[in-house]
Amino acid sequence: MTITVRFFASIRERLGKSEDHVAFQGIGTAADVWQRSAGIPAPANTLVAINQEYASLDSPVRDGDEVAFFPPVTGGSVAPVDPRARS
Amino acid sequence: MTITVRFFASIRERLGKSEDHVAFQGIGTAADVWQRSAGIPAPANTLVAINQEYASLDSPVRDGDEVAFFPPVTGGSVAPVDPRARS
Amino acid sequence: MSVRLAGEAFDPWGEIQSFQSGHPKLAGKFGATAVFVGTMRDFNEGAAVEAMVLEHYESMTRREIEKICAQAVSRWEILDVLVVHRHGPLAPNDPIVLVAVWSAHRDAAFAACRFVIDELKTRAPFWKQEQTGAGQRWVAPE
Amino acid sequence: MSVRLAGEAFDPWGEIQSFQSGHPKLAGKFGATAVFVGTMRDFNEGAAVEAMVLEHYESMTRREIEKICAQAVSRWEILDVLVVHRHGPLAPNDPIVLVAVWSAHRDAAFAACRFVIDELKTRAPFWKQEQTGAGQRWVAPE
């Protein structure tokens, strides 16, 4: 049995893959999935979703789950913050 | 020389006229214009405009001015206040 | 900045499309458009409303709305503002007022749009008279 | 309540017209429509932006936007809500997102519209990559 792993945006680019499949054996949490598939430390602010619901690296993973890793989201409109309001 | 007087909405209906012209002689303020043309006490909350700018019953009137009297305005959309929020 | 007083029914979404087409310099500059449309309902204060007449003080109305728009422009960093306000006889579901604001930024667009509609309601010289089954009545202010 | 993910350019004003035509039960019931449209600018962070790709997590995106809309419906007295969000390659001046809220009342329409766009920006799994003269860059979150 396997876990489906998905990577998006800058994380996808850095790892050079958008999807992976890892064996469930030895997997307890999303952090284990990351370690198994990525092999490098997770970037700060990495977001996690399990079966399309927000979760965390500590969240338990069950056999057959889809586990996704991605950077902070940037949808909606472009740059709505007034740059003059920044330091 | 004369003052043009205009009445709107419920005030127009109550007085039975939308426009009037009164002699400037003896007119000092918008209150004088009201008294001369309407002949009854101004309803509470009557709004006044002189030459299409908001003014008050105390405001001075000059010869040739257009003086308008109307009730509180009700433009925009209909009934935006939730009736359940009322007592 | 554009203010239009409409004596006939108008389509607010078509007004926005036309305005944007007529202002090609806006293209690529605005990140945010905030819009409010006020529409005539078929009920109010517990009664079915069959028709409405929106009286206004024509020579003052435009001037007052333009002042409100100018205040919005001076207060927030906005690129353009469009107001269309209906007058005369209206039927239920007719749009009454459209306020559209273009800005580079979301906060300014929302704040200015809200300001314009709120000021309009207290300052623009319009008066609503509703026709219900029980006769005509002037709508009371909020 | 309607959520649409658009892989091609869309006209937000035409989307609203179609939605209202397709929901005749709304007619006469809503006094207020509040709308936000986010549009791609041709500048950002001091650089000219020539093109953009909006990546998303398709199976999660719709679910997350529907959750946001359901929260808005439960929090405010609103009649309907429409969200259209673009994905894929975009050009400057392309609309990115439309949020439209129908309500009997102005306050609820504005508040719910603002809530949906704010939540969308922090929760919906979209990522922007800009193409500038200096190459591609991922847009940083606010």
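In this text the structure is predicted, and so the values were computed from the model without any measurement. Chain letters run A, B, ... following the sequence lines, proteins first and then strands; every chain starts at 1.
Considering only heavy atoms from C-beta on, C/D80 stays 4.5 Å or farther from C/L82 through its side chain. D/H56 is not listed as a side-chain neighbour of D/H85, based on a closest heavy-atom distance of 4.5 Å or more. D/M40 places a side-chain heavy atom less than 4.5 Å from the side chain of D/V49.
Here the CD-CZ distance, from C/Q131 to C/R137, works out to 10.5 Å after rounding to the nearest 0.5 Å. Atom-to-atom distance recorded for C/I96:CD1 and C/R41:CZ is 9.5 Å, nearest 0.5 angstrom. Atom CD of C/E119 sits about 11.5 Å away from atom CZ of C/R114, to the nearest 0.5 Å. Here the CZ-CG distance, from D/R86 to D/L5, works out to 12.0 Å after rounding to the nearest 0.5 Å. The OG1 atom of C/T39 sits 4.5 Å away from the CZ atom of D/F30 when rounded to the nearest 0.5 Å. Atom CE of residue D/M52 and atom CD of residue D/Q129 lie 10.5 Å apart, to the nearest 0.5 angstrom.
Of all heavy-atom pairs between C/V101 and C/A112, the closest is CG1-CB, 4.0 Å. When all heavy atoms are compared, the tightest approach of C/S103 to C/L79 is C-CD1, 3.9 Å. For C/C113 against C/V35, the heavy-atom pair with the smallest separation is SG-C, 3.8 Å.
At a heavy-atom cut-off of under 4.5 Å, chain C is reached by D/Q17, D/Q20, D/A27, D/G28, D/K29 from residues 17-29 of chain D, listed in order of number. Of all residues in residues 59-74 of chain C, none places a non-hydrogen atom less than 4.5 angstrom from a non-hydrogen atom of chain D. Residues of residues 9-16 of chain D lying under 4.5 angstrom from chain C, judged on non-hydrogen atoms, are D/D11, D/W13, D/G14, D/I16 in numerical order. Below 4.5 Å, heavy atoms of chain D meet heavy atoms from C/N93, all part of residues 88-95 of chain C.
Residues C/R123 and C/D118 are not paired through a salt bridge, judged by the lack of any N-O separation under 4.0 Å between the basic side chain and the carboxylate.
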For C/E58 and C/H87, run side chain to side chain contact (heavy atoms under 4.5 Å, CB included): C-alpha distance rounded to whole Å, both residues' side-chain angles, the deciding distance at 0.1 Å, then the answer. CA-CA 9 Å; C/E58 189 164 356; C/H87 59 90; 5.6 Å; no
With side chain to side chain contact (heavy atoms under 4.5 Å, CB included) as the test, would you mind laying out the steps for C/F126 and C/V139 before giving the verdict? CA-CA 11 Å; C/F126 287 98; C/V139 174; over 6 Å; no
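For the ring-ring contact (aromatic ring centres under 6.0 Å, His included) criterion with C/F115, the lone passing option out of C/W76, C/F36, C/F110 is C/W76.
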